[in-house]
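Worksheet for the structure shown next.
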Amino acid sequence: MNGIGAPSGPGNSGSFTSGIHLDERSVNIDVLDNTIFNNSKHGIHCNNAVGINIKGNTFFNNTDAISMMRWAATGQIKKLAIKNNISYAKTKTQTNFTYTNNAINEPTVTPFTTVLRNLGNIDSNYYSVTNPIGFYMEYYLTTGGAGVPASKAGLEGWQSMSTHDVQSRKPAKIPVSYKLNSIIGANKYTNGSFTSNI
């Protein structure tokens, strides 16, 4: 919680902080039932992750709830299980899921949708719609090569492009007002109707 980074630090350390950071080629790790909030960058960030279970976590007010980055030199991201998480963006610029591929055509030319569909099993999550385009994807053709403009999508666009999150949902809308139609019997508490001194 509350990771602000090192704004006065050397180089490009800046204010990039992840609540949980699984660095280069992290393999077979469970990230279960955490609450990750108020971080200046990612809730969870993974580089070239393989066999990672991200389940039952709640993300609030992070720049990205879940972030994945693939570097060509260390292989593919695969065998992910990202399920039963809650992502709540506080602002319209925060994302639910971010994916970056730094060399999509290495070692062989691969369609972007194929790369996304091969990430693993991502499903049964709840995603905030504070940012209506909360899924952010970008890739570079080769290491050090030209970047392809990022794709931004809402939940439906992400589902269509990636075939993930088919059972995932947006939070239910809660009515902002109510109407009391009638009262059955006498109230058991003083001011039980909540009509004064609220």
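Everything numeric in this text was worked out from a predicted model, so none of it was measured. Numbering of residues begins at 1 and proceeds along the displayed sequence.
Remark: the backbone N or O of N47 is not paired with any side-chain donor or acceptor of D23 at under 3.5 angstrom. Between the side chain of N48 and the main chain of E24, no donor-acceptor pair closer than 3.5 Å is present. Judged by distance alone, with hydrogens and angles left aside, the side-chain atoms of N38 form no donor-acceptor pair with the main-chain N or O of N2 at under 3.5 Å. Side chain of S87 to backbone of F59: no donor-acceptor contact under 3.5 angstrom is found. Side-chain N or O atoms of S162 include none that pairs as donor or acceptor with a backbone N or O of L116 at under 3.5 Å.
The number of heavy atoms from other shown groups lying within 6.0 Å of OH (Y88) does not exceed 12. The local environment of OH in Y126 is sparse, with at most 12 non-hydrogen atoms from other residues, nucleotides or ligands closer than 6.0 Å.
Residues R70 and E106 are not paired through a salt bridge, judged by the lack of any N-O separation under 4.0 Å between the basic side chain and the carboxylate.
For H45 and S67, the side-chain atoms include at least one donor-acceptor pair closer than 3.5 Å. Side-chain contact annotation: T17 with N39, donor-acceptor N/O pair under 3.5 Å absent. Checking D165 against N125 by side-chain atom types alone, a donor-acceptor pair falls below 3.5 Å.
In this structure, W158 and F135 have parallel ring planes: the angle between them is below the 30° cut-off, well short of the 60° mark.
Residues S160 and R117 come closest through the heavy atom pair O-NH2, 3.4 Å.
Side-chain contact between F37 and T58 is absent, with no heavy-atom pair separated by less than 4.5 Å. Side-chain contact between K78 and N118 is absent, with no heavy-atom pair separated by less than 4.5 Å.
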Task: Step-by-step side chain to side chain contact (heavy atoms under 4.5 Å, CB included) determination, N57 to L32 - done: CA-CA 6 Å; N57 300 286; L32 309 174; 5.6 Å; no

TODO: Step by step, work out the side chain to side chain contact (heavy atoms under 4.5 Å, CB included) result for K90 and T130.
DONE: CA-CA 7 Å; K90 185 177 178 182; T130 305; over 6 Å; no

- [ ] Could you check F97 against Y136 for ring-ring contact (aromatic ring centres under 6.0 Å, His included), going step by step and ending with a plain yes or no?
- [x] CA-CA 6 Å; F97 188 88; Y136 179 89; over 10 Å; no

TODO: Determine, step by step, whether K170 and E156 satisfy the salt bridge (charged side-chain N to carboxylate O under 4.0 Å, His left out) criterion, reporting the C-alpha distance in whole Å, the side-chain angles of both residues, the deciding distance to 0.1 Å, and the verdict.
DONE: CA-CA 10 Å; K170 299 173 183 176; E156 294 82 2; 2.8 Å; yes

- [ ] I would like to know whether T142 and N105 meet side chain to side chain donor-acceptor pair (under 3.5 Å); could you show each step before the answer?
- [x] CA-CA 6 Å; T142 57; N105 290 338; over 6 Å; no

TODO: Go through T95 and D64 one step at a time and tell me if the side chain to side chain donor-acceptor pair (under 3.5 Å) criterion holds.
DONE: CA-CA 5 Å; T95 65; D64 312 304; 2.8 Å; yes

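Of the inter-residue distances, the one linking I44 atom CD1 with I54 atom CD1 reads 4.5 Å to the nearest 0.5 angstrom.
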